[in-house]
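Please read the structure below before turning to the comments.
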Amino acid sequence: MAALYDFDTAIDRRGTWCVQWDGVADRFGVDGLLPFTISDMDFATAPEVLAALRARLDHGVFGYTTWQQDDFRSAVAHWYATRYGTEIDTGQLVYGPSVLNQLSQLLQMWTGQGDGVVVHTPTYDGFRKAITGLGRELRGVPVGDEEALVRELARPDAKVLVLCSPHNPTGRVWTGAELTRMAELAERYGVAVVSDEIHADFVHEGHVHVPWTRVAGEGRWALISSGSKAFNFPALTGSYGLIGDPADRAEYLRRMETAEGLASPAVLSLTAHIAAYREGGPWLDAVRAYVAGNLGHVAERLSADLPELGWEPPQAGYLAWIDLRAAGVDDAELQRVLVERERVAIMGGAVYGAPGFVRLNVGCPRAKVERGVEALIRAVRAVGAVR
């Protein structure tokens, strides 16, 4: 299947206002680095999506638009039915400009100043900014530590559990049993759940994503997601959600349509979502297989040159979360060598609250991955305790 698509040919993204390539100096202080940073891919989106966008552009009229129509709703329902074996209630659907915007709205609905918001650590930095930026208290629990999760959810001022499913940055895919347990705990302690499932479409072979709708109980909950991550069109904006409680759903829509002035969504985002969810499955399967090959290459090179790391590919996603602590690496010195000597930009784990790790984006042609992992190996050997 992968032979139907070309993921090896590099597409020049410089000069396209691209955050990963053109904005690298904003985070690393130097222009011209080879970037493995923000979580978008260097691949063009699916041909079916491009064809639908071209047809919509040819129409030539871009007036105010509604997402509340059957083409969009049925496409989302089709995707969940065919990819996850899950029937969703399309009456629960809502829309937003991004998953982080949706998260912000839900936090404002379900929490007040100083309330506790529980997240798993390490934590996607977008969550941290949204939670603390609203004046809420971020309370981290290590991935897999149920005792810590119970302790934090049981605190009287804990109001929301923000779940990243699958988890970013680790790539952990939560099992159905784990999610069911989280739902039980959240309901027991009266904590609402916001499940960000934007990485769900990139779950790798041997693992299965379980949508929150399958485990949600009687408590407050929302599932937020977007096709933009898997099909690589975040610049079009656009996301959607499912909100269980009718009153909460009505309040969310009121906020978006009145307080936020976002009644009309981006028409190209709707067009892209419909095409992706109706026709883009084969392309997604192919790009996921290609990325799995990239991750396998990283594992092979690290096993050969830095075996003490014991690194294995993630269960989901195209982000290689690599624990370098066994190599005795100083984070600041590693970043200095990566930037100044190797001329690459790789996200340090401290961004996600985990010093001693790096996050390497391998959603790109294999040749770029090879350059990135070789640069990382040389830098670790240069600054680590193990030579």
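Any value given below was found using the heavy atoms of this structure, including those in side chains, with hydrogens, waters and symmetry copies removed.
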Check: If we only count heavy atoms from C-beta on, is the V380 to L309 side-chain gap below 4.5 Å?
Finding: no
Notebook entry, point to check: If every non-hydrogen atom of F28 is compared with every non-hydrogen atom of L33, which pair is closest and at what distance?
Noted result: CB-CD1, 3.8 Å
Notebook entry, point to check: Can you name the closest pair of heavy atoms from V143 and W174 and give their distance?
Noted result: CG1-CH2, 3.9 Å
Next item on the list: Using atom types as modelled and distance alone, determine if a side-chain donor or acceptor of D22 lies under 3.5 Å from a backbone N or O of W17.
Entry: yes
Next item on the list: Report yes or no: is the cationic atom of K229 (NZ for Lys, CZ for Arg) closer than 6.0 Å to the six-membered ring centre of F202, at no more than 45° off its axis?
Entry: no
Check: Is any NZ, NE, NH1 or NH2 atom of the basic residue among R301 and D305 found under 4.0 Å from an Asp or Glu carboxylate oxygen of the other?
Finding: yes
Notebook entry, point to check: Would you call the rings of F127 and Y124 parallel, tilted or perpendicular if under 30° counts as parallel and over 60° as perpendicular?
Noted result: perpendicular
Note to self: For residues 49-63, which residue pairs pass the side-chain hydrogen bond (donor to acceptor under 3.5 Å, both in side chains) check, not counting sequence neighbours?
What the structure shows: R56-H59
Notebook entry, point to check: Quick one: do D40 and R13 make a salt bridge, cutoff under 4.0 Å?
Noted result: yes
Note to self: Strictly by salt bridge (Lys or Arg N to Asp or Glu O under 4.0 Å), give each pair with a member in residues 187-212 just once, sequence neighbours left out.
What the structure shows: none
Margin query: Closer than 3.5 angstrom, by distance alone: can the side chain of K368 be matched with the main-chain N or O of P35 as a donor-acceptor pair?
Written below: yes
Check: Any Lys/Arg nitrogen of D331 or R336 sitting under 4.0 Å from an Asp/Glu carboxylate oxygen of the other?
Finding: no
Margin query: If only side-chain N and O atoms count, and only distance matters, is there a donor-acceptor pair under 3.5 Å linking Q108 with S104?
Written below: yes
Next item on the list: In plain terms, say whether E178 and R181 are close enough for a salt bridge, that is, a side-chain N and a carboxylate O under 4.0 Å apart.
Entry: no
Check: Parallel, tilted or perpendicular: which describes the rings of F72 and H273, with under 30° parallel and over 60° perpendicular?
Finding: perpendicular
Margin query: Does the plane of the ring in Y277 sit parallel, tilted or perpendicular to the ring in W79? Use 30° and 60° as the thresholds.
Written below: parallel
